[in-house]
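The chains referred to below are lettered A, B, ... by the order of the sequence lines, with proteins before strands, and numbering in each begins at 1.
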There are 2 protein chains.
Amino acid sequence: MPENTSLRRGRPGYDQQGILDVAVAAFNEYGYDATSMGVLAERLGLSKSAIYHHFTSKDEMLDRALDSALSALEGVLEQADAAGGRAADRLDLVLRGAVHVLVDRLPSVTLLLRVRGNTDVERRALERRRAFDRRVTALVSEAQAEGSLRSDLDASVVSRLTFGMINSLVEWYRPGGGEDADRIADDVVAVALDGLRMPTSNRVEDLLG
Amino acid sequence: MPENTSLRRGRPGYDQQGILDVAVAAFNEYGYDATSMGVLAERLGLSKSAIYHHFTSKDEMLDRALDSALSALEGVLEQADAAGGRAADRLDLVLRGAVHVLVDRLPSVTLLLRVRGNTDVERRALERRRAFDRRVTALVSEAQAEGSLRSDLDASVVSRLTFGMINSLVEWYRPGGGEDADRIADDVVAVALDGLRMPTSNRVEDLLG
DNA sequence: GCCGACCAACCGACCGTTCGGGTGGGAGAC
DNA sequence: GTCTCCCACCCGAACGGTCGGTTGGTCGGC
C-alpha cells in the first residue's frame, strides 16, 4: 500500500500522491460529500488524523485532484493552438486529445465532471471548465466560418453535444487491455464528423440532388 | 407556495408533489447527500418534522423522483416498440422521445443521471437504467443488421456515445421560451446520424470513390 | 537524534429521524 | 347560515450517531 519512490526521509508510508489516488477513487465511488474522512482513513489503513499530516483539509484534496484534471485538459487546447493549421484540424486534435486525457486521468476527470459548485474550490474549478468550453466553442465557430463544418447548427450546441459524447466516457469506459484510447478517439471523431447513417444508399443521391 | 387542486381536506399547505418539486430542485443544486433536511425545510418554509408527514424518509423522496424519470424513459421505448416499422425509424423515435423526456422532466432526470448506487434505492434505479441502455443497444444492433446504420462501430459504443450526447442536456439545457425541445431533438439527430462535416466538398467524392 | 509518518482520544456542529402536541379550514349536521 | 368536528398539516425539542477537524504524543528509518 505505501509508496516507495526512494530518497524518502523518516518513517516510510504514504506520500501526498499515494493518498490522493485512493481518495479520488473513494470520492468517485461514494461521491465527495458522502465520503467521510473516517472511511477514507480505513481504506488507507491509516487513522483520520494521519491524513491531516499530508493535507490541511478535505477540500484541499479535492482542489489538487480537480487541478490535475483541468491542467491536462487545458494542455490539450494549448497543444492544438500551437500546432496551427486549419481550425478543423485543430478541433480534431482537441477531440482526440480530450479523449486521451479522459482515459489517462479517468479518476480525476470523473471527479471534475461531477462538481456542482457548492464550495469555493468547486466554483473555481467550474469557472476553469467553463473557460475551456468557451475556447472549444470558439474553435467550432472558426471551423464553421472556414467552411469545414456545417453551419446550420449553433456552435455552442455543437460543442456541448460533442463534449457530452466525450465526457460520457467517465460513465462507462473502464481501463482494460491495450491502447484502446486511440480506438475510442477514432470512434468519437467518426460519429461526430460523419454520423451513424450508412454512407451508401440514398445518402449520395440526397447530396447530388 | 402551497398547492391548490381543490377537494383537499384539512389545513391547506403542501402536498407530496409540491414538496417533491422543491426537494428535487434542492437535490440537484447541492447534491442529494449534501442537501440536509434542515435546509430543505427552510426552502419549503416548513419545519423539518413537517416533511415527515408527507414522506417517511429522505430516501423515499429520492425513490419517487427517480421513478418518475425512469417511467418516462421506459415509456419512450414502449411507444417506439408499439410503433413498429424499421429499426432505424424506431431508434429515431427513441432519440427524439428521450430528448423530450429530458426537457420535460429535466429535474428528475438530472437527479437520475447523478445516481451512483450507494443505497438500495439508488441501486434499484441504476439497474432500471441499465436495462433501458441494453434495450437501446439492441435497437442499434437491429438497425445495423438491417443496413440502416454503419456497422463498423460497436453497437454498445454507439448507443453510449449517442446517449452521452443526449444526457449532456441536463448539464446545459435550461428551459426558456417556446417549443425548443423539437429543435434540440432535430440537432441531436442531425449530429448523430449525419455528423458535423460539411456535406459538400470532398464528402461526395469520397463516397463515389 | 532528527524528522516524517503515524496514532488514540476528543471536540463542537450538524445529520436524519422521532415524538407529543397544536392549528385552521372544508364538510356535514342542524 | 352557523356550528362543530375531523383531519391534513404543521410545530419545537430532542434523540443517537456521524461529520470534518484538532490535540498531544509515539514510532522508527536514515
Side-chain angles (χ1 to χ4, degrees), chain A residues 1-24 26-27 29-66 111 115 118-122, chain B residues 1-24 26-27 29-65 111 118-122:
Chain A
M1 211 167 312
E3 285 283 315
N4 243 336
T5 43
S6 71
L7 283 182
R8 302 262 305 279
R9 308 264 316 221
R11 192 179 176 183
Y14 283 101
D15 61 353
Q16 280 204 15
Q17 192 58 49
I19 288 187
L20 199 55
D21 289 342
V22 176
V24 170
F27 292 162
E29 193 169 334
Y30 307 122
Y32 174 73
D33 286 303
T35 304
S36 70
M37 296 299 272
V39 310
L40 183 52
E42 209 171 310
R43 283 206 171 197
L44 288 160
L46 290 180
S47 65
K48 273 200 305 177
S49 46
I51 300 176
Y52 286 92
H53 172 70
H54 299 276
F55 296 92
T56 67
S57 71
K58 196 184 175 187
D59 245 34
E60 193 198 340
M61 289 192 263
L62 182 63
D63 198 28
R64 297 275 188 124
L66 296 180
L111 199 56
V115 158
N118 295 324
T119 65
D120 280 332
V121 165
E122 296 191 0
Chain B
M1 213 167 309
E3 284 283 314
N4 240 337
T5 42
S6 73
L7 282 183
R8 300 262 306 279
R9 301 272 311 241
R11 189 179 179 183
Y14 282 101
D15 61 353
Q16 280 203 17
Q17 192 58 50
I19 288 187
L20 199 54
D21 290 342
V22 176
V24 170
F27 291 163
E29 194 169 333
Y30 307 122
Y32 173 73
D33 286 304
T35 304
S36 71
M37 297 299 271
V39 310
L40 182 52
E42 210 171 310
R43 282 205 172 198
L44 289 161
L46 290 180
S47 65
K48 279 198 296 179
S49 49
I51 300 176
Y52 286 90
H53 172 72
H54 301 275
F55 296 92
T56 67
S57 69
K58 195 182 173 188
D59 246 35
E60 193 197 340
M61 289 192 263
L62 182 62
D63 198 28
R64 297 276 188 122
L111 200 53
N118 295 324
T119 66
D120 281 331
V121 166
E122 296 191 1

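Between the side chains of Q17(B) and R64(B), no donor-acceptor pair is found at a separation under 3.5 Å. Using a 3.5 Å distance cut-off with no hydrogens or angles, the side chains of Y32(A) and D59(A) do pair a donor with an acceptor.
When distances are taken from the side chain of S47(A) to each of dG21(D), dC7(C), dC19(D), the shortest belongs to dC7(C). Distances were taken from every side-chain heavy atom of K48(B) (C-beta onward) to each of dT17(C), dA8(D), dT22(D); the shortest belongs to dT17(C). With dC10(D), dT22(D), dG16(C) as the candidates, the nucleotide lying closest to the side chain of L46(B) is dC10(D). Nearest nucleotide to the side chain of S49(A), out of dC10(C), dA8(C), dC11(D): dA8(C). Closest contact between the side chain of H53(A) and the listed nucleotides dC19(D), dG16(C), dG4(C) involves dG4(C). Candidate nucleotides dC9(D), dG21(D), dC11(D) were compared by shortest atom distance to the side chain of S57(A), and dG21(D) ranks first. For M37(B), the listed nucleotide lying nearest its side chain is dT17(C); candidates were dC15(C), dC11(D), dT17(C).
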Quiz item: When you look at R43(B) and E29(B), which way does the salt bridge (Lys or Arg N to Asp or Glu O under 4.0 Å) test go after all the steps?
Solution: CA-CA 12 Å; R43(B) 282 205 172 198; E29(B) 194 169 333; 2.6 Å; yes
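Between the CG atom of L40(B) and the C1' atom of dC14(C) there is a distance of 16 Å, rounded to whole Å. Atom-to-atom, CG of L44(B) to C1' of dC11(D) comes out at 14 Å; the value is rounded to the nearest Å. Between E60(A) atom CD and dG20(D) atom C1' the separation is 14 Å, expressed in whole Å. The distance between atom CE of M61(A) and atom C1' of dG21(D), rounded to the nearest whole Å, is 11 Å. If you measure from atom CD1 of I51(A) to atom P of dC19(D), you get 12 Å, rounded to the nearest angstrom. If you take CD of E42(A) and C1' of dC7(C), they are 15 Å apart, rounded to a whole angstrom. Separating the NZ atom of K58(B) from the P atom of dC14(C) is a distance of 15 Å, rounded to the nearest angstrom. For the pair F55(B) CZ and dC9(D) P, the interatomic distance rounds to 11 Å; values are reported in whole Å.
Taking 4.0 angstrom as the limit, H54(B) places a side-chain polar atom (N or O) nearer than this to OP1 or OP2 of dC10(D).
In this structure, Q16(B) contributes its side chain and H54(B) its backbone to a donor-acceptor pair below 3.5 Å.
The shortest heavy-atom contact between M37(A) and K58(A) is SD-CG, 3.8 Å.
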